[in-house]
Amino acid sequence: MVGTSIRGSGPTSSKVDSLLVDASARIGSAKVPAPVFTASGCAASGKELDQFFDIASIGGIVTKSIMLEPRSGRATPRMAETPSGMLNGIGLQGPGIADFIENDLRWLYERKVRTVVSIAGNTVEEYGKLARQLREFDWLTAVEVNISCPNVESRGQVFACDPGASAAAITEVRRVLNVNTPIIAKLTPDVTDITSIARSVMDAGADGVAMINTLLGMVIDPDLMRPVLSGGTGGLSGPAIRPVAVRAIWQVHAAMPNLPILGMGGIRSGKDALELILAGASAVSIGTSIFNDPTAPWRIQRELRDELGLRGFASLADAVGYAHTRYEAEL
Ligand SMILES: Cc1cc2nc3c(=O)[nH]c(=O)nc-3n(C[C@H](O)[C@H](O)[C@H](O)COP(=O)(O)O)c2cc1C
């Protein structure tokens, strides 16, 4: 685990040329030269984005959560617009881990893209089987463990809502994964105390946390007078959830200032990304914004550098959690 504090020391001058800002970032125990990643499920494996910008130039691609077997996901409709956001009920559609390794992972490796593979299981054993299949790929930047999945062995209760189940999934992944591959646990904000979940996964061997996943929501069509999504409920994302992300990141960073956080939730601009970093994120992921601007990760990475330079930060690391320092100084 991480030993020293990762809280940033603040700006070093009134303004720094953005080209001189050191934008390298921490994600789990890995250091990457750039701080912006895609968010799982919002850019598949990055192939489609590669026509809009060089995907090897951003922090990396976080792939869509992959499960053991192929899945067709839920029936349509599985997307609904909401004020300042969207609701999705895709249901983890995907080709299964074997096909993913053969096609997507191979392509990402050949393309030299920093890659975080997101895995999702229905049981602790499934998480272990997925991790075992990834064990040989020691070039991965990290494995993100999406624990926002129903645990079929516990009446369908979502792993990430229970500290014990969350820890069990991470312990199993740590047990079988290559020791050099960092583990990032992806947390849901749909809990009373997100710090207790973060602590349990950290104690179980996670090198960092990714937060936040979508919030559970529902949209009802007033004309049809029934839920819009085929599955009834879905995950809320986009700018509407950014204050929830900022709050959750703030709480986890305050409780565990040494735990690297990959922050996400409604980031649309470099300024939005900076907000999550000031709360305590050490790198960020871009999700829903990609749907209306496929260049968003690349654009936001450039904007973030400008925002840091404008505020006199010589490095991104100096800004991590800095709002805590300012806030505490004024109390
Ligand atoms: C269409 C869609 C699919 C998603 N699929 C996944 C997924 O497979 N695994 C996962 O961990 N998160 C998934 N997410 C959640 C995102 O990775 C992210 O945590 C969330 O959307 C908040 O970020 P945003 O507001 O920038 O989209 C998905 C989100 C959307 C909108």
Side-chain angles (χ1 to χ4, degrees), residues 36-46 48 60-67 71 73-74 76-97 100 104 116-122 127 130 142-150 158-160 166 169 183-190 194 201 209-217 219 229 231 233-249 261-270 272-273 275-276 281 283-294 296-297 299-300:
V36 176
F37 288 73
T38 58
S40 179
C42 300
S45 293
E48 290 82 4
I61 296 287
V62 180
T63 60
K64 164 95 189 148
S65 295
I66 194 77
M67 301 194 78
R71 276 167 66 106
R74 291 211 188 124
T76 55
R78 43 192 198 174
M79 297 268 213
E81 279 191 30
T82 62
S84 295
M86 63 176 270
L87 199 68
N88 92 82
I90 308 283
L92 293 183
Q93 178 182 348
I97 185 84
F100 168 81
D104 301 274
V116 177
V117 174
S118 171
I119 56 173
N122 291 313
Y127 281 106
L130 286 157
V143 166
E144 188 175 273
V145 187
N146 176 6
I147 47 176
S148 299
C149 301
V158 170
F159 281 93
S166 301
I183 295 176
I184 299 169
K186 175 103 176 248
L187 307 187
T188 173
D190 285 336
I194 197 159
V201 294
V209 290
M211 54 199 288
I212 56 174
N213 213 319
T214 53
L215 287 113
L216 196 63
V219 173
L229 299 185
T233 58
L236 182 64
S237 63
I241 71 167
R242 198 169 65 245
V244 179
V246 173
R247 180 272 298 169
I249 292 167
I261 299 172
L262 178 60
M264 68 214 66
I267 298 176
R268 256 189 320 192
S269 67
D272 298 343
E275 195 183 348
L276 270 66
V284 292
S285 272
I286 314 298
T288 304
S289 286
I290 294 175
F291 298 127
N292 53 22
D293 174 11
R299 171 180 57 77
I300 291 168

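For this chain, numbers begin at 1 and follow the sequence in order. Both ligands and their constituent atoms are indexed starting at 1 by order of listing. The analysis underlying the following values was restricted to heavy atoms, covering all of them including side chains, and did not include hydrogens, waters or symmetry mates.
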* Verify, without hydrogens or angle tests, whether Arg78 (side chain) and Gly91 (backbone) share a donor-acceptor contact under 3.5 angstrom. => no
Heavy-atom proximity to atom 28 (C) of ligand 1 ranks first, among Gly287, Ser40, Gly266, Pro189, for Ser40
Backbone or side chain, does any N or O of Glu144 fall under 3.5 Å from an N or O of ligand 1?
no
Between the OG atom in Ser40 and the CE atom in Met264, the distance rounded to the nearest 0.5 Å is 9.0 Å
For Met264, the ligand 1 atoms with a heavy-atom partner under 4.0 Å come out as 19 (O)
OG1 of Thr82 to CG of Leu87, rounded to nearest 0.5 Å, is 6.5 Å
Ligand 1 to Asn88 polar contact by distance, N or O atoms, under 3.5 Å | no
Ligand 1 atoms nearer than 4.0 angstrom to some heavy atom of Lys186 are 10 (C), 11 (O), 12 (N), 15 (C), 16 (C), 17 (O), 18 (C), 19 (O)
On a heavy-atom basis, the closest approach of Leu229 and Ala80 is CD2-N, 4.0 Å
**OP:** Say whether Ile212 and ligand 1 are in contact under the criterion: heavy-atom distance to a ligand atom below 4.0 Å.
**Re:** yes
### Task
Side-chain contact test, heavy atoms from C-beta onward, threshold under 4.5 Å: evaluate it for Thr38 versus Ile290 and give yes or no.
yes
The closest protein heavy-atom partner of atom 21 (O) of ligand 1 is Ser237 CB, 3.3 Å
Closest to atom 8 (O) of ligand 1 among protein heavy atoms sits Lys64 NZ, 3.1 Å
Short version for Asn146: what comes under 4.0 Å of ligand 1, heavy atoms counted, is side chain
Worksheet item: At the 4.0 Å heavy-atom cut-off, does Gly238 count as touching ligand 1?
Response: yes
The answer for which part of Cys42 has a heavy atom under 4.0 Å from ligand 1 is side chain
Here the gap from Leu92 atom CG to Asn122 atom CG, rounded to the nearest 0.5 Å, amounts to 8.5 Å
Show your working on side chain to side chain contact (heavy atoms under 4.5 Å, CB included) between Met86 and Ser237 and close with a plain yes or no.
CA-CA 6 Å; Met86 63 176 270; Ser237 63; 3.4 Å; yes
Looking only at heavy atoms, the pair that brings Val36 and Ile286 closest together is CG1-CG1, 3.5 Å
dist Ser65:OG -> Ile119:CD1 (nearest 0.5 Å) comes out at 9.0 Å
The option among Thr214, Leu236, Ile66 carrying the non-hydrogen atom nearest to atom 20 (C) of ligand 1 is Thr214
Short version for Thr288: what comes under 4.0 Å of ligand 1, heavy atoms counted, is both
Within 4.0 Å of some non-hydrogen atom of Ala39, the atoms of ligand 1 are 17 (O)
Of all protein heavy atoms, the one nearest atom 3 (C) of ligand 1 is Gly41 O, 3.5 Å
- request: May I have the step-by-step check of side chain to side chain contact (heavy atoms under 4.5 Å, CB included) for Ile300 and Arg268, ending in yes or no?
  value: CA-CA 7 Å; Ile300 291 168; Arg268 256 189 320 192; 5.6 Å; no
Nearest heavy-atom approach of Ile147 to Ala169 is CG2-CB, 4.0 Å
Counting both backbone and side chain atoms, is some N or O of Ile286 under 3.5 Å from an N or O of ligand 1?
-> no
Under 4.0 Å between heavy atoms, the region of Leu92 that gets near ligand 1 turns out to be side chain
